[in-house]
Amino acid sequence: ETGVTQSPTHLIKTRGQQVTLRCSSQSGHNTVSWYQQALGQGPQFIFQYYREEENGRGNFPPRFSGLQFPNYSSELNVNALELDDSALYLCASSLFTGSGANVLTFGAGSRLTVL
Amino acid sequence: AQSVTQLDSQVPVFEEAPVELRCNYSSSVSVYLFWYVQYPNQGLQLLLKYLSGSTLVESINGFEAEFNKSQTSFHLRKPSVHISDTAEYFCAVTRNSAVTGGGNKLTFGTGTQLKVEL
């Protein structure tokens with residue numbers, strides 16, 4: 001059973017640029033979520049995808065967008081990067097079965113630095 | 001909406017001593033509760049969870065947490081810590097409901113840095 005893998009692990013961008021982060025879900029999982037963890041803070045929910053559609057979003061502007069593919073992998077796109085976007089971006093997958101809690105499995109994260 | 005308060009940002013403790021990391025939550029609906037651990041430069045690993053049933057839950061590495069509904073708490077305890085337990089610990093909550101494809105949004109606390117010293 002493979003876990004959640006994210007790429008790239010580290011990247012540096014400049015203000016105004018765009019970035020795409022990628023995530024492969026754990027085998028057998030059908031839901032993916034993205035979280036932003038700023039330095040010294042807890043993770044903040046960005047959004048969640050199920051059946052290739054966004055079905056939950058946190059308090060993030062529209063320049064944060066995503067995709068879920070038929071194989072349940074996912075991308076997080078951030079446009080017009082700002083300095084405050086510097087953070088660890090965590091992808092998490094889970095299996096939604098229609099009842100009960102979806103227990104998330106997190107990847108190791110992509111650390112984005114915006115200069 | 002849910003919220004989580006972790007009352008201690010840092011907890012220093014000597015090896016083999018007991019430790020308690022405090023977590024309180026706020027929610028208008030029933031919740032599921034989690035503890036995650038984050039080692040330096042790594043992602044989050046699930047330590048233990050409370051979904052239903054016994055209010056005392058245990059992990060495989062000696063940690064335990066007790067769900068106290070009346071005090072809205074989910075404190076994490078270990079009777080004897082090891083150097084390898086040094087990490088950041090996050091308490092998280094999600095609402096207890098099966099929304100289509102959802103119920104996944106975790107609300108995290110700000111974390112407690114556990115530092116185990118010799």
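In what follows, chains are A, B, ... by sequence order, proteins preceding strands, each numbered from 1.
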Answer with side chain, backbone, both or neither: which region of B:Leu44 has an atom nearer than 4.5 Å to a non-hydrogen atom of chain A?
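Both parts, heavy atoms under 4.5 Å.
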Over 12 non-hydrogen atoms of neighbours within 6.0 angstrom of [atom1] in [X]:
X	atom1	answer
A:Leu39	CG	no
A:Phe47	CZ	yes
A:Asn59	CG	no
A:Arg15	CZ	no
A:Asn79	CG	yes
B:Ile60	CD1	no
B:Glu64	CD	yes

Evaluation steps, side-chain contact (heavy atoms from CB on, under 4.5 Å), between B:Gln38 and A:Leu88:
CA-CA 12 Å; B:Gln38 186 174 37; A:Leu88 180 68; 3.7 Å; yes
Distance-minimising heavy-atom pair for B:Gly43 and A:Leu90:
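B:Gly43 and A:Leu90 have their closest heavy atoms at CA-CD2, 4.0 Å.
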NZ of B:Lys105 to CG of A:Asn55: how many Å apart, nearest 0.5 Å?
12.5 Å
Return the CD to CZ distance between A:Gln37 and B:Phe90, rounded to the nearest 0.5 Å.
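Going from the CD atom of A:Gln37 to the CZ atom of B:Phe90 covers 4.5 Å.
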Please walk me through it: do B:Leu106 and A:Tyr35 pass side-chain contact (heavy atoms from CB on, under 4.5 Å)?
CA-CA 9 Å; B:Leu106 282 177; A:Tyr35 288 77; 3.4 Å; yes
Heavy-atom side-chain proximity of B:Phe34 to A:Leu104 below 4.5 angstrom:
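Side-chain contact under 4.5 Å: no.
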Applying a strict 4.5 Å limit to non-hydrogen atoms, the region of A:Glu53 in contact with chain B is neither
Tell me whether the centres of the aromatic rings in A:Phe45 and B:Phe108 are closer together than 6.0 Å.
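No, ring centres 6.0 Å or more apart.
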